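Below you'll find the structure, written out as structure tokens, and then a few comments.
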Amino acid sequence: MKKYNPKAIEAKWQKVWAKQKLNLAKDGSKKPKFYALIEFPFPSGDGLHVGHMRSYTALDVVARKRRAEGYEVLYPIGWDAFGLPTENYAIKTGRQPALITKQNTTRYRKQLQSLGFSFDWSREVNTTDPNYYKWTQWLFLQFFKKGLAYKAKIAINWCPKDKIGLANEEVVTRSTGSGQVEVCERCGTAVEQREKDQWLLAITKYADRLDRELDLVDYPEPVKLQQRNWIGRREGAEIEFKVINPTPDPLPEGEGEVGEFGYHTTDPNTWRVLQDRALEMRKSPTPAEKILWQSLRNNSTGSHFRRQQIIWKFIADFVCLEKALVIEVDGDIHDYQKVEDEERSTFLRESGFKVIRFHNDEVIKNTSLVVEKIKDQLKALPFGEGLGGVIKIFTTRPETIFGVTFIARAGKADRFTGEYAVNPANQEKIPIWEAEYVMDGVGTGAVMGVPAHDERDLEFAKKHNLPIKDVPMADQETLTKIGAKPHTTYKLRDWVFSRQRYWGEPIPLIFCAKCNEWQPVPDKDLPVKLPKVKKYEPTDNGDSPLANIKSWVETKCPKCGGAARRETDVMPNWAGSSWYYLAYLMKKAIGQRPTSLGLASSNIKHWLPVDWYNGGMEHTTLHLLYSRFWHKVLNDLKLVPGKEPYAKRTSHGLILAHDGEKMSKSRGNVVNPDELVKRFGADTLRIYEMFMGPFGQAIAWSEDGLVGSRRFLERVWKMAEKVDKKKGKGVAVSDLNPKLQSTIIKVGEDIEAMKFNTAISSLMILLNEFEAAASIPAQFFKTFLKLLSPFAPHLADELWHHLGEKKSIHLAPWPKGEKIASEKVKIVIQINGKTRDLIEVSAKISELELKQLVLEQPKVINWVKGKEVVKTIVVPRRLVNLVLGD
RNA sequence: GCCGCGGUGGCGGAAUUGGCAGACGCACGGGACUCAAAAUCCCGCGAGGGUUAACCUCAUGUGGGUUCAAUUCCCACCCGCGGCACCA
């Protein structure tokens, strides 16, 4: 037999397997299905590195084992090719991103093929292929049509020097003398925040399910935990604190009484008259009032409105007390009442109210615009200012309410507002503060300060000399009585889905000024293709470069046919990867016009869910969460089966560079497998990556052990020559079988548990035994090869054929190990818990006989001499421990 | 600060979940083969002591504890990596 020459045999077998279509998954197969998935790579200019290989090899091992176990296995591959590195390279070189991508994928494909992964190449997908992103766009439109996509003003990172918007990944934190500063990754200029209208996906509407339905899947606990922390579900209660004693008190001192809402009116009689009138007005509103009330009631603006509200001697149409906003809807009658209106507006303004007016016609004809204006106002106003309002507080510990000594709402500096609130539990008057540590956008933007039970509250109380009250906990009844409503909040924010960039999927929406609405691009017009541009940089005002292409932007409204403009933002990198596990199943459909039917094909039903998905921990809170979200939405639309896309998730540890840093081109520490494949062979590299350490743990790349893996394979190669021929001294053949059987069991279990390092180590041990044996039956060695074949597929197939087999080793069934209880067992003898001797006895020995035998051992006699055996512990088949007295 | 993961020979790491600590591999030392080197094969390889043998003592980040017995369980702490970060 020739020398082991991996270069020759690896290329040979790769061709044979491709020709025999060994790795193509059959859609209609009656075998049980197994869908193995790895995170498809981003084809960067650096080429594949040894870190990619770890995950791909691991699932390749699993996939090959499953095929041998009789499953129809789908192990697909594709390219997640939209993204910044390509775009930045395009900016630098002026080359087209599509061409750069093509070049990179060609290189990656070659590299992956040289490593012998059993991917089904017939299903290769590419997120930048118009056929692919046509579907990404269509799926986005399903979100839009379901009301899950909306536009809102969101701050983006803006580099004032480069004059472009930056993705979060392009912003780095730098430490300066005065603290941490966010700077532009390229030029180092401090990043500013700029508000831009952006598309968002309402992932928060699925927060609860994304949390709860983690119970349905087999993910590592740390992954579940990290997702749960990210979603940040908090159960608690919402409690209203009434605000009293408004400042400055602008009201004339009448006979006065504290009214229902805690502020003064003139005198009781006037108040009663006003109340009657207000009630009457509420019963018979004007058409405009009626329409507007529909939009304001039930907290639909996010704030609580009252109508026909008495304020001093006036009745205001709509009032939001917590924001101190008054909305007046005027008819023509006001033309006669100018003086009164003046007086009332002046009074309200002086009392701290903001007053906005709309005309009846305005409200009736353009309700949505009016409501938008009101919402904008509400947004601009601080919370809880004004007269007789309430402050809503979300707390996870409502039972501590008796210990509340202050209220603090979000503010830029610590400051007493001069206002007080009433603790609904004990009617105590407590001060309202603004505090730096309270954040807008968390909970209700205000906290009840309980210094005795919260560290930050305590710190604040100490700093500002506020009382600290330690008290018994409130019971459920008290909480109900004070109107505490059970409430759940989430840390998760909606997903900002707009990028002012070029290299992404155009968002397929059109704004028509006439319809005053965003219109979806009709299915028949998809994909909205990325037009070719000359410059790939975002524009001076931060818009996508697409905004500069007039001919592309200007289009017709799909609804009314009038002049309209396209959305110029593109989708984030995470869009295409949110559904790629479906794309692999859509072989033919992907080229066709997107429809619900095309998606809900039998293939998708057949293959879902993904049975085993391996990927990196770094994707836990982004990609993994996003794609679960998409799947749930698609499931609600009855487009895909099942609540969860991935039945089982595992994580690999990162392979770091020699220096222990993350591999990246900018650090110049990327290790490319090509040269290693040339020097050692793909099989050696695969074995080494699986052997170098525990799969789930990060490990620094080192080539020191590679030679050991190569030696192992060389020894396997040599062993093939000795099979059934070797004569002479050594272990008897029959002694090999128990070891072989236990290795079969061990390797099988280890692969399932992703303990590849110990699987390989047990194969090495078996080989060591083979080498020591007098002769090796061919069947034994074939079984060994089969166990080795998922790890070193080329070498295994080559030797398999040497032994006379005609079909590929990868078509042979996975061996079943037999548990053979050995006749003899080794028993550890301990004296006072310390190992003193080791004896070999029959496995069938009785406990009594064993104890006797132990006491007869010369070493034991020596240790026991002159002492008493107080206690004897016997662990069957394992150990005897003698406890001696003094 | 909080959450998660980890800490075992010169190095990567094993240890059937409480039962021989250091499997397997790398590196290293000695030997065989060779004119020589490489490759290969054999032997050794945690530290200290010991008549360099048998054997003994110590040793799994540190300090305590539980147990006949602890790398494994409990308590307190130290260090490294990753994530979140005034989250009410």
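Order of the sequence lines fixes the chain letters, A, B, ..., with proteins taken first and strands second; residue numbering starts at 1 for each chain. Everything numeric in this text was worked out from a predicted model, so none of it was measured.
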For [X], report the nucleic acid contact type (base, sugar-phosphate, nothing); a contact means any heavy atom under 4.0 Å.
X      : result
A:M439 : base
A:N757 : sugar-phosphate
A:F712 : nothing
A:L225 : sugar-phosphate
A:K662 : nothing
A:I765 : sugar-phosphate
A:W701 : nothing

Does B:U17 sit syn or anti, given that only angles within 90° of 0 count as syn?
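Because its glycosidic torsion lies within 90° of 0, B:U17 adopts the syn conformation.
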Looking at the angle O4'-C1'-N9-C4 for a purine or O4'-C1'-N1-C2 for a pyrimidine, is B:G13 syn or anti, with syn meaning within 90° of 0?
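Here the answer is anti: the torsion falls beyond 90° from 0.
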Can you figure out which of [options] approaches the side chain of [X] most closely?
X      : options             : answer
A:P222 : B:C5, B:C87, B:C56  : B:C5
A:K755 : B:C3, B:A15, B:A88  : B:A15
A:K826 : B:A88, B:C20, B:G4  : B:C20
A:I699 : B:C86, B:G12, B:U57 : B:G12
A:D704 : B:C26, B:U57, B:C41 : B:C26
A:R715 : B:A88, B:G25, B:C20 : B:G25
A:T835 : B:C68, B:A88, B:C20 : B:C20

Closest contact, heavy atoms only, [X] versus [Y]:
X      : Y      : answer
A:A720 : A:L799 : CB-CD2, 3.7 Å
A:P424 : A:E240 : CG-O, 3.8 Å
A:R715 : A:M764 : NH2-O, 4.4 Å

When you measure from the side-chain N and O atoms of [X] to the phosphate of [N], is any distance below 4.0 Å, counting only OP1 and OP2?
X      : N     : value
A:R493 : B:C87 : no
A:R234 : B:A88 : yes
A:R877 : B:C20 : no
A:N768 : B:G25 : yes
A:R711 : B:A27 : yes
A:K491 : B:C86 : no
A:K834 : B:C58 : yes
A:K3   : B:A39 : no

Please state whether the rings of A:F416 and A:W433 are parallel, tilted or perpendicular, taking 30° and 60° as the class boundaries.
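If you compare the ring of A:F416 with that of A:W433, the planes turn out tilted.
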If you take atom types as modelled and just measure distance, does the side chain of A:E221 reach the base of B:G4 with a donor-acceptor pair under 3.5 Å?
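Such a pair does not exist between side chain and base.
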Do A:N881 and B:C68 share a donor-acceptor pair, side chain to base, under 3.5 Å?
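Counting by modelled atom types and ignoring angles, a donor-acceptor contact under 3.5 Å is found here.
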Ring centroid separation A:F406 to A:F460 under 6.0 Å
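Yes, the ring centres sit under 6.0 Å apart.
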Under 6.0 Å between ring centres: does that hold for A:F781 and A:F784?
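Between A:F781 and A:F784, the centre distance is under 6.0 Å.
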Tell me the interatomic distance from [X], atom [atom1], to [N], atom [atom2], rounded to whole angstroms.
X      : N     : atom1 : atom2 : result
A:R836 : B:A54 : CZ    : C1'   : 14 Å
A:K746 : B:A14 : NZ    : P     : 10 Å
A:K871 : B:A69 : NZ    : P     : 9 Å

If you assign each of A:P694 and A:M617 to its closest nucleotide in RNA chain B, which residue comes earlier from the 5' end?
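It is A:M617 whose nearest nucleotide is closer to the 5' end.
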Between A:V447 and A:V707, just flag the one whose closest nucleotide in RNA chain B comes earlier from the 5' side.
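Checking each residue's closest nucleotide, the 5'-ward one belongs to A:V707.
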Kindly indicate, with the supporting measurements, whether the criterion side-chain contact (heavy atoms from CB on, under 4.5 Å) is fulfilled by A:D218 and A:R649.
CA-CA 6 Å; A:D218 176 15; A:R649 167 84 177 186; over 6 Å; no
Roughly how far apart, to the nearest Å, are B:G10 and B:A59 at atom P?
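Approximately 16 Å lies between the P atom of B:G10 and that of B:A59.
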